[in-house]
Chemist: 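Provided herewith is a single structure, encoded as structure tokens, for subsequent inquiry.
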Amino acid sequence: MSLVISEDIVKASGLSEQELIIELVLLLFQQEKISLGKAAELLNYSQVRFQQILSERGINIHYDVEELQEDIQDLTAKGWL
């Protein structure tokens with residue numbers, strides 16, 4: 001599924017397209033809708049880079065057993081474990 005954001009919304013936000021995507025992913029992460037690993041993946045960032053962004057913004061990392069298991073599954077699927 002693709003999400004199309006109108007040019008009017010991008011202009012109204014005062015952000016670039018990439019900045020708006022980052023904001024959306026950060027919001028989903030803060031609302032615990034996606035894990036840290038999924039957020040980093042959606043932005044095509046390493047988890048360390050995504051954690052740096054969180055730190056720069058003073059956003060706490062919420063990481064529980066379920067998220068650990070999800071990340072292990074993702075890493076296994078990618079052949080990294």
Side-chain angles (χ1 to χ4, degrees):
M1 180 174 131
S2 296
L3 174 66
V4 177
I5 300 173
S6 75
E7 190 64 32
D8 291 339
I9 292 174
V10 175
K11 285 181 183 177
S13 75
L15 303 170
S16 70
E17 288 180 37
Q18 181 61 27
E19 290 169 331
L20 186 55
I21 290 169
I22 292 169
E23 294 302 320
L24 289 170
V25 170
L26 285 168
L27 181 63
L28 291 170
F29 176 79
Q30 285 182 290
Q31 293 179 354
E32 299 186 19
K33 302 291 183 189
I34 58 174
S35 69
L36 187 144
K38 180 53 78 175
E41 180 183 325
L42 290 171
L43 294 174
N44 207 21
Y45 289 167
S46 69
Q47 287 189 22
V48 172
R49 175 65 186 125
F50 186 69
Q51 288 177 24
Q52 288 172 331
I53 292 170
L54 294 174
S55 175
E56 290 166 4
R57 292 172 177 239
I59 299 171
N60 291 325
I61 296 174
H62 49 83
Y63 198 76
D64 58 20
V65 172
E66 183 178 324
E67 289 176 305
L68 173 62
Q69 291 171 336
E70 180 181 319
D71 287 340
I72 289 171
Q73 288 176 349
D74 288 343
L75 291 171
T76 302
K78 291 177 181 178
W80 296 353
L81 281 182

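Note that these values count all heavy atoms, side chains included, but never hydrogens, waters or copies made by symmetry.
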Chemist: Restricting to pairs with a member in residues 1-22, which pass ring-ring contact (aromatic ring centres under 6.0 Å, His included), not counting sequence neighbours?
Modeler: none
Chemist: Using residues 37-48 as the side-chain source, report each donor-acceptor pair under 3.5 Å to any protein atom, sequence neighbours left out, with the distance given to one decimal.
Modeler:
| unit_1 | atom_1 | unit_2 | atom_2 | d |
| --- | --- | --- | --- | --- |
| K38 | NZ | E41 | OE2 | 3.4 |
| S46 | OG | R49 | N | 3.0 |

Chemist: Name all pairs fulfilling the salt bridge (Lys or Arg N to Asp or Glu O under 4.0 Å) condition that reach into residues 27-37, sequence neighbours left out, sorted by first residue then second.
Modeler: none
Chemist: Could you pull out all donor-acceptor pairs under 3.5 Å where a side-chain atom in residues 71-81 meets a protein atom, sequence neighbours excluded?
Modeler:
| unit_1 | atom_1 | unit_2 | atom_2 | d |
| --- | --- | --- | --- | --- |
| D71 | OD2 | Y63 | OH | 2.8 |
| T76 | OG1 | I72 | O | 2.7 |

Chemist: Are L27 and I22 linked, directly or through other ILVMFWY residues, by side chains that come within less than 4.5 angstrom of each other?
Modeler: no
Chemist: Can you confirm whether more than 12 heavy atoms, excluding those of E66, are under 6.0 Å from its CD atom?
Modeler: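 12 or below, so no.
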Chemist: May I have all residue pairs that pass ring-ring contact (aromatic ring centres under 6.0 Å, His included) and include part of residues 16-42, sequence neighbours excluded?
Modeler: F29-F50, F29-H62
Chemist: Test side-chain contact (heavy atoms from CB on, under 4.5 Å) on I59 and I53; report intermediate values, then the result.
Modeler: CA-CA 8 Å; I59 299 171; I53 292 170; over 6 Å; no
Chemist: Please enumerate all residues that pass salt bridge (Lys or Arg N to Asp or Glu O under 4.0 Å) together with E23, with sequence neighbours excluded.
Modeler: R57
Chemist: Under 3.5 Å, which donor-acceptor pairs link side chains of residues 10-20 to any protein atom two or more places apart or in another chain?
Modeler:
| unit_1 | atom_1 | unit_2 | atom_2 | d |
| --- | --- | --- | --- | --- |
| S13 | OG | V10 | O | 2.7 |
| S13 | OG | L15 | N | 3.1 |
| S16 | OG | E19 | N | 3.1 |
| S16 | OG | E19 | OE1 | 3.4 |
| E19 | OE1 | S16 | N | 2.7 |

